[in-house]
Chemist: 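Below is one structure. I have some questions about it.
These numbers come from a predicted model, not from an experiment. Quick note on labels: first sequence line is chain A, next is B, and so on, each numbered from 1.
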There are 2 protein chains.
Amino acid sequence: MRTTGDTRQRIVTAATELFRRQGYAATGMKQIVAAAGAPYGSAYHFFPGGKGQLGEEVIHTSGAAYLELIGSMFADPEADPAAATAAAFTGAAETLRELDFTDPCPIATVALEVASTHEALRRATADVFASWVEALAGFYAGAGIEAESARDTAGSVIALLEGAFMLGRAAHDTAPVLAAARASAAIVRDALGPAG
Amino acid sequence: MRTTGDTRQRIVTAATELFRRQGYAATGMKQIVAAAGAPYGSAYHFFPGGKGQLGEEVIHTSGAAYLELIGSMFADPEADPAAATAAAFTGAAETLRELDFTDPCPIATVALEVASTHEALRRATADVFASWVEALAGFYAGAGIEAESARDTAGSVIALLEGAFMLGRAAHDTAPVLAAARASAAIVRDALGPAG
DNA sequence: GTCTATACCCCGATAGAC
DNA sequence: GTCTATCGGGGTATAGAC
């Protein structure tokens with residue numbers, strides 16, 4: 001009654017890694033259970049809804065983990081918001097290199113793949129993006145940006161990060177993410193207004 | 001000797017549309033030739049290198065078409081660069097809605113899918129992104145931004161656009177692209193410096 | 001050059017022994 | 001609850017008639 005929980009968890013973990021590296025369509029259930037060291041039947045025992053149900057869970061759990069990461073990076077309400085944002089980008093550039101240009105974002109590839117093909121998964125990615133934007137918007141609002149503008153700013157910062165990952169991965173170069181660090185600071189400063 | 005060219009072109013066109021909507025891995029050769037109204041063997045007659053060769057051609061040709069679009073949107077050297085950039089984003093938001101939240105970028109999904117799995121295709125997407133950045137950087141340089149900064153600025157603007165498409169498609173909402181319009185102007189203004 | 005048939009493999013999913 | 005065998009279908013790619 002304890003060991004069974006391990007198998008389920010291993011399947012989710014393996015799927016998360018494979019979806020991130022290869023995308024949703026290119027990853028098979030057999031590949032997932034093989035990577036998880038689990039028998040094939042376990043996948044459908046724990047996820048009777050099949051690949052779609054597993055995909056939904058992967059999106060939500062990895063999205064929640066990333067949300068915590070965002071929360072920890074923007075935890076200090078005293079920090080200068082533009083500088084903190086730029087620092088997050090330079091840190092992300094380092095992560096990108098450490099991951100050997102595999103995707104630092106756990107759901108980006110899947111989000112694009114399913115956006116026009118799989119409603120349930122599309123909604124799951126939308127929920128995750130919204131949770132990230134909300135968290136970052138809260139930080140900006142605490143730093144003095146008006147609520148609605150804070151939301152827009154947070155959305156643009158996350159969009160910029162996702163796009164910078166895309167260009168950086170394609171080029172095998174962290175330069176786009178480093179350039180985006182400066183751009184992200186400009187976005188936040190603009191939202192802070194002349195006083196900021 | 002004329003009609004054969006049509007078949008090849010129809011295959012490329014059909015593949016472009018399907019890759020854009022579903023991604024690379026989820027699209028099959030059979031689906032492509034069916035959509036093109038071509039016999040199955042024609043695909044391997046014109047593309048003996050198979051799906052990979054077809055993918056490379058799709059990336060390069062659709063990337064070149066998008067390059068022309070960028071060139072036409074930033075054709076006026078007298079235009080205010082920040083305003084022109086923001087206008088491009090508001091136009092992109094409209095396009096996104098017209099396309100019913102299908103991907104306005106012909107290579108974004110494929111770029112993420114192949115970044116860590118298919119070297120030849122990854123390089124093709126990198127070439128395309130680089131061509132877009134170079135074109136936009138030329139416009140910014142003409143508007144008075146120093147060359148190296150113009151390149152960084154162009155990269156960040158394109159990254160922001162790609163990321164905004166990602167969030168907008170997931171949410172089925174043009175708001176992220178419209179918010180990015182203001183952010184893009186802030187990025188360009190920051191690069192222009194206090195004088196701009 | 002055009003088109004059909006097919007080889008060979010892996011897909012997601014299920015049945016049912018254990 | 002665990003695991004294997006298998007089903008029906010679709011994947012890429014090729015052979016070869018026309």
Chemist: Give the rounded distance in Å between these two atoms: CZ of A/Phe47 and C1' of C/dT14.
Modeler: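 It is 18 Å, rounded to the nearest whole Å.
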Chemist: Provide, to the nearest angstrom, the distance between the CG atom belonging to B/Asp6 and the P atom belonging to C/dT2.
Modeler: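 Checked: the CG to P distance equals 10 Å.
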Chemist: I need the NE2-C1' distance between A/His45 and C/dA15, as an integer number of Å.
Modeler: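 Rounded to whole Å, this separation is 15 Å.
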Chemist: Sequence neighbours left out, what pairs pass side-chain hydrogen bond (donor to acceptor under 3.5 Å, both in side chains) with at least one residue falling in residues 142-153 of chain A?
Modeler: none
Chemist: Could you list the donor-acceptor pairs under 3.5 angstrom formed between side-chain atoms of residues 125-137 of chain B and any protein atom two or more places apart in sequence or on another chain?
Modeler:
unit_1   : atom_1 : unit_2   : atom_2 : d
B/Thr125 : OG1    : B/Arg122 : O      : 2.7
B/Ser131 : OG     : B/Val128 : O      : 2.7
B/Trp132 : NE1    : B/Gly63  : O      : 3.0

Chemist: Sequence neighbours excluded and cut-off under 3.5 Å, please list the side-chain donor-acceptor pairs for residues 83-96 of chain B, or say none.
Modeler:
unit_1  : atom_1 : unit_2   : atom_2 : d
B/Thr85 : OG1    : B/Pro81  : O      : 2.7
B/Thr85 : OG1    : B/Tyr140 : OH     : 2.7
B/Thr90 : OG1    : B/Ala87  : O      : 2.8
B/Thr95 : OG1    : B/Gly91  : O      : 3.1

Chemist: Under the side-chain hydrogen bond (donor to acceptor under 3.5 Å, both in side chains) rule, collect the residues that match up with B/Glu57, sequence neighbours excluded.
Modeler: B/Arg8
Chemist: Which residues pass the salt bridge (Lys or Arg N to Asp or Glu O under 4.0 Å) test with B/Arg21, sequence neighbours left out?
Modeler: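 Here no residue qualifies.
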Chemist: Going by heavy atoms closer than 4.0 Å, what residues in residues 19-35 of chain A are next to DNA chain C?
Modeler: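 Under 4.0 Å from DNA chain C: A/Thr27, A/Gly28, A/Met29, A/Lys30.
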Chemist: Using distance only, find each side-chain donor-acceptor pair of residues 31-53 of chain B under 3.5 Å and give its atom names and separation, not counting sequence neighbours.
Modeler:
unit_1  : atom_1 : unit_2  : atom_2 : d
B/Lys51 : NZ     : B/Tyr24 : O      : 3.0
B/Lys51 : NZ     : B/Thr27 : O      : 2.8
B/Gln53 : OE1    : B/Gly49 : N      : 2.6

Chemist: Give every residue pair that meets the side-chain hydrogen bond (donor to acceptor under 3.5 Å, both in side chains) criterion with at least one member in residues 165-183 of chain A, sequence neighbours excluded.
Modeler: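 Of all non-adjacent pairs touching residues 165-183 of chain A, those that pass side-chain hydrogen bond (donor to acceptor under 3.5 Å, both in side chains) are A/Asp103-A/Arg169, A/Arg169-B/Ser116, A/Arg182-B/Asp190.
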Chemist: Please write out the pairs of protein N or O atoms and N or O atoms of nucleotides 14-18 of chain D separated by less than 3.5 Å, giving the distance to one decimal.
Modeler:
none

Chemist: Take the protein atom CD of A/Gln53 and the nucleotide atom C1' of C/dA13, then report the distance between them rounded to whole Å.
Modeler: 13 Å
Chemist: Rounding to a whole Å, what distance do you find between A/Arg8:CZ and D/dC3:C1'?
Modeler: 19 Å
Chemist: Are B/Val12 and B/Leu69 in one and the same hydrophobic cluster, where Ile, Leu, Val, Met, Phe, Trp and Tyr link if side-chain heavy atoms are under 4.5 Å apart?
Modeler: yes
